[in-house]
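These notes are about the structure you will find just below.
The basis for the numbers below is simple: all heavy atoms, side chains too, and nothing from hydrogens, waters or symmetry mates. Numbers here simply count residues along the sequence, with the first being 1.
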Amino acid sequence: ARDGKSLAFTVSEKGETARLAVWRPGEAARKITPTSFTVVNPSWDFDGEHIYFVAVSEGTRRLHSIRMDGTELRDLGETRASEVAVRRDG
């Protein structure tokens, strides 16, 4: 997170699609996205609670957001972007 206390990253194990995982000091890293799509280039929101990322499924890229606890997964629509850059002014 932007406060330097949490980490968001992609992980792929044993043939899985790349999934979003989060880590906080003193906790084990945990995967928070489903296996139904591949996650690329996660980026923290300024609130430190939400992560934005591009999800790829069957050649289509869609922008998503999710809370760092794995709740509130939202599909924000199709995109041509492969990276997400969150700006303070929206």
Roughly how far apart are [X] [atom1] and [Y] [atom2], rounded to 0.5 Å?
X: Ser65; Y: Leu73; atom1: OG; atom2: CG; value: 7.5 Å
X: Glu72; Y: Ile66; atom1: CD; atom2: CD1; value: 9.5 Å
X: Arg24; Y: Leu7; atom1: CZ; atom2: CG; value: 12.0 Å
X: Phe53; Y: Thr33; atom1: CZ; atom2: OG1; value: 5.5 Å
X: Asn41; Y: Thr10; atom1: CG; atom2: OG1; value: 8.0 Å
X: Arg67; Y: His50; atom1: CZ; atom2: NE2; value: 5.0 Å

> Crowded around Arg74 CZ? As in, over 12 foreign heavy atoms under 6.0 Å?
Replying inline: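 At most 12 heavy atoms, drawn from other residues, nucleotides or ligands, come within 6.0 Å of this atom.
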Applying the 4.5 Å side-chain criterion to the ILVMFWY set and letting contacts propagate, would [X] and [Y] be lumped into a single cluster?
X: Phe46; Y: Leu76; result: yes
X: Ile32; Y: Val39; result: yes
X: Tyr52; Y: Trp44; result: no
X: Ile51; Y: Trp23; result: no

Of the non-hydrogen atoms in [X] and [Y], which two are nearest, and what is the gap between them?
X: Ala8; Y: Pro42; value: O-CG, 4.3 Å
X: Met68; Y: Ser6; value: CE-OG, 3.5 Å
X: Ser57; Y: Ser36; value: OG-O, 3.6 Å

>> Could you tell me if the side chain of Arg30 sits less than 4.5 Å from the side chain of Val22, heavy atoms only?
In response: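 Yes - at least one pair of side-chain heavy atoms lies under 4.5 Å apart.
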>> Given 3.5 Å as the limit, does a donor-acceptor pair link the side chain of Thr79 with the main chain of Leu63, or not?
In response: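 The answer is no, because no donor-acceptor pair under 3.5 Å joins these two groups.
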> Sub-3.5 Å donor-acceptor pair from the side chain of Thr17 to the main-chain atoms of Phe37, do we have one?
Replying inline: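 At least one qualifying donor-acceptor pair exists.
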